[in-house]
Amino acid sequence: MAKDFTTREADYSKWYNELVTKADLAEHSAVRGCMVIKPYGFAIWEKMQAELDTMFKETGHQNAYFPLFIPKSYLSKEADHVEGFAKECAVVTHYRLKNGEDGGVVVDPEARLDEELVVRPTSETIIWNTYKGWIQSYRDLPILVNQWANVVRWEMRTRLFLRTAEFLWQEGHTAHATKEEAVAETEQMLDVYADFAEKYMAIPVLKGLKTPAERFAGALETYCIEALMQDGKALQAGTSHFLGQNFAKAFEVQFASKEGKLEYVWATSWGVSTRLMGALVMAHSDDNGLVLPPKLAPQQVVVVPIYRNEEQLAAIGEVAQNILAELKAKGIRARYDDRDTHRPGWKFAEYEFKGVPLRIAIGPRDLENKTVELSRRDTLTKEGVPLEGLADRIEGLLEEIQDSLFQRALDFRAASSHRVDTYNDFKEALEKGGFIYAHWDGTAETEAKIKEETKATIRCIPLNAEAEEGSCIYSGKPSNKRVVFAKAY
RNA sequence: CGGGGUAUAGCGUAGUCCGGUUAUCGCGCCUGCUUUGGGAGCAGGAGGUCCCAAGUUCGAAUCUUGGUACCCCGACCA
């Protein structure tokens with residue numbers, strides 16, 4: 001399993017690919033650019049979904065579902081939007097096959113669609129076309145809807161979880177009577193994403209605004225959370241867009257205000273995807289395999305018996321079942337692995353590679369001493385602990401591991417964040433990787449030049465950026481705050 | 001989509017340049033016995049459209065052409 005596992009230092013990208021496939025998270029499918037998410041990987045995604053879904057509902061949102069197919073003409077109603085997505089759309093042109101001459105099937109040329117259907121790359125257009133029918137008055141607002149769905153973007157180069165042609169995500173689409181309300185919603189959802197990333201994924205994130213060049217196609221403002229991976233590259237982990245009245249105007253969605261005037265609706269959209277799985281893997285895992293934060297681990301504790309005969313196994317089983325019952329009562333996800341098809345050492349290695357936060361081993365020695373052996377995945381340490389009070393101890397340890405993973409990632413980010421004031425220092429800092437805080441003159445030209453010369457992009461203009469007089473590292477023109485640069489996934 | 005590389009059993013591979021018996025080795029798998037506190041040992045066994053298609057040839061894993069997928073580097077992107 002973890003034998004012959006590539007180290008991060010040897011080849012980070014190979015390490016990532018091997019980890020994802022060997023830990024049974026996902027594998028490549030027969031379809032180019034599309035992955036199969038395996039049960040273990042999907043279980044982690046389901047934990048993420050469940051937490052996010054709860055957070056969405058707590059902030060007043062409801063789930064709904066819109067079609068996979070979008071009439072081609074819808075996409076072109078918002079000019080920037082179509083320009084942004086046109087190059088990567090899969091298109092359905094026919095609705096029937098027929099028997100071919102060679103025994104296979106061929107597309108029936110008689111069955112061409114009058115209007116071609118685009119497989120959604122995102123759902124703004126079909127949703128705003130729908131909202132048009134839902135909104136007449138200010139009393140119909142706000143609309144706070146989220147959808148869990150799959151989308152397709154025909155990417156040139158794909159990587160498991162980080163960029164696949166088809167991916168799973170959620171997309172929130174809201175409609176508001178005022179600009180202020182829509183902006184507040186955009187910011188609220190950014191906070192929800194940041195909280196989720198930090199509290200559940202144990203990944204610290206920077207909250208910021210995208211530059212106009214990096215904005216979502218059709219948005220007036222794109223807010224984002226940016227995470228730092230262990231190789232020093234940044235990963236955009238979530239986005240929340242203030243769409244202004246662009247889509248309302250494109251789809252003619254107007255409402256009668258309290259004052260009796262017809263006004264265009266204000267919109268937001270926000271999303272996170274299975275890319276978060278990639279972030280989770282790259283933020284915490286090590287050369288021994290996956291490391292999962294307890295809050296998202298499908299199994300938080302696993303109990304492995306060590307025995308020489310059936311009597312011992314029976315005695316251990318009794319102790320193990322008691323432990324499991326106590327853990328279950330505390331809402332801790334635990335499993336007793338008494339499979340006789342694998343030996344203890346094999347199980348240790350397996351659970352270590354799959355990132356189970358805590359492992360308990362119980363053998364004859366423990367039965368005698370009323371103890372267990374407790375091992376932590378994050379620190380790879382183990383100790384003998386008394387059975388007495390074990391469940392409380394585990395409950396505390398899980399929290400400690402969750403906090404410690406976050407702290408470790410936070411320390412790494414602090415150590416990988418640099419402030420530079422010259423272009424030379426900037427290029428030097430880029431070699432080391434990480435977030436680079438530097439002054440920028442605010443022009444798209446400078447941004448593009450820097451990207452061209454160094455491959456670094458402006459990840460965001462931090463929301464908490466302090467006012468500071470300085471001069472652009474590239475042009476020398478004045479700037480009043482630092483922005484964050486990095487090489488990104 | 002441009003440049004480079006790879007494709008042989010479930011996985012990792014030798015063989016390919018220079019065509020020639022029954023395609024190599026390790027892990028894994030199956031059976032039996034002994035084992036079980038960090039990926040067990042011994043013995044026996046099963047498993048192959050050599051990525052796909054066409055061509056050259058008496059003969060193709062090996063040569064030619066076309067296709068597909070994956071990896072790395074660019075451009076694009078959640």
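Worth knowing before you read on, the calculation uses all heavy atoms, side chains too, and leaves out hydrogens, waters and symmetry mates. Convention: sequence-line order gives letters A, B, ...; per-chain numbering from 1.
Residue contacts shown for A/Asp366 include a base, since a base heavy atom lies under 4.0 Å away. The residue A/Gly271 sits apart from the nucleic acid: no heavy atom pair falls under 4.0 Å. At a threshold of 4.0 angstrom between heavy atoms, the contacts of A/Gly278 with the nucleic acid are absent.
If you look at A/His61 and A/Trp270, their ring centroids are closer than 6.0 Å.
Between the C1' atom of B/rC11 and the CD atom of A/Glu27 lies a distance of 12 Å, rounded to the nearest Å. One interatomic measurement links the two molecules: NE2 of A/His342 to P of B/rG28, which rounds to 12 Å at whole-angstrom precision. Between A/Asp338 atom CG and B/rU36 atom P the separation is 18 Å, expressed in whole Å. Counting to the nearest Å, the P atom of B/rG38 and the NZ atom of A/Lys382 are 6 Å from each other. Distance, A/Ile306 CD1 to B/rG37 C1': 4 Å, rounded to whole Å. Remark: P of B/rG38 and CD of A/Glu352 are 12 Å apart, rounded to the nearest angstrom. Counting to the nearest Å, the P atom of B/rG28 and the CZ atom of A/Arg343 are 12 Å from each other. Following rounding to the nearest Å, A/Ile362 (CD1) and B/rU36 (C1') show an atom-to-atom distance of 15 Å.
The existence of a salt bridge linking A/Asp191 and A/Lys207 is confirmed by a sub-4.0 Å separation between a basic side-chain nitrogen and an acidic carboxylate oxygen. Between A/Glu352 and A/Arg377, none of the side-chain N atoms (NZ, or NE/NH1/NH2) sits under 4.0 Å from a carboxylate O, so this pair counts as no salt bridge. Residues A/Asp231 and A/Arg8 are not paired through a salt bridge, judged by the lack of any N-O separation under 4.0 Å between the basic side chain and the carboxylate. At a threshold of 4.0 Å, the pair A/Lys354-A/Glu350 counts as salt-bridged, since one of the basic side-chain nitrogens sits closer than that to a carboxylate oxygen.
Comparing the same atom, C1', in B/rG39 and in B/rA46 gives a spacing of 24 Å after rounding to whole Å. Atom name P, nucleotides B/rG67 and B/rC27: the rounded distance is 40 Å, in whole Å. Rounded to the nearest Å, the gap between the P atom of B/rG15 and that of B/rC63 is 13 Å. The same atom, C1', is picked in B/rU8 and in B/rG26; the two are 15 Å apart, to the nearest Å. Of the C1' atoms belonging to B/rA60 and B/rC51, the separation is 16 Å, rounded to the nearest Å. If you take atom C1' in B/rG20 and the same atom in B/rU16, they sit 14 Å apart, rounded to whole Å. Taking the P atoms as reference points, B/rC11 lies 13 Å from B/rG48, given to the whole Å. A gap of 14 Å separates the P atoms of B/rU62 and B/rA54, to the nearest Å.
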Could I get a table of every N or O pair under 3.5 Å where one atom is in the protein and the other is in nucleotides 44-50 of chain B?
none

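At distances below 3.5 Å, at least one donor-acceptor pair connects side-chain atoms of A/Lys347 with backbone N or O atoms of A/Arg339. Looking only at distances, a side-chain donor or acceptor of A/Ser285 sits under 3.5 Å from a matching main-chain atom of A/Val291. No donor-acceptor distance shorter than 3.5 angstrom exists from the side chain of A/Arg157 to the backbone of A/Arg163, with no hydrogens or angles considered.
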Practice prompt. Produce a footprint string for nucleotides 71-78 of chain B: one letter per nucleotide, 5' end first; B if the base is under 4.0 Å from any protein heavy atom, S if only the sugar-phosphate is, - if neither.
Written response: SSBBBBBB

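Listed by chain and residue number, A/Trp346 satisfy the ring-ring contact (aromatic ring centres under 6.0 Å, His included) test with A/His342 (two or more places apart in sequence, or in another chain). A/Tyr336 is linked by a ring-ring contact (aromatic ring centres under 6.0 Å, His included) to nothing, counting only residues two or more places apart in sequence or in another chain. Remark: A/Trp154 pairs with no residue by the ring-ring contact (aromatic ring centres under 6.0 Å, His included) rule, at least two apart or across chains.
Counting atom types as modelled, A/Arg359 pairs a side-chain N or O with a base atom of B/rG38 as donor and acceptor under 3.5 Å.
Atoms OH and OG1, from A/Tyr16 and A/Thr21 in turn, are 10.0 Å apart once rounded to the nearest 0.5 Å.
Stem analysis of RNA chain B (at least three stacked-register Watson-Crick or G-U pairs, each with both distances under 3.5 Å) gives B:1-7 with B:68-74, B:10-12 with B:25-27, B:29-34 with B:40-45, B:51-55 with B:63-67.
A/Asp366 and A/Thr371 are linked by a side-chain donor-acceptor pair at a separation below 3.5 angstrom, with hydrogens and angles left out of the test.
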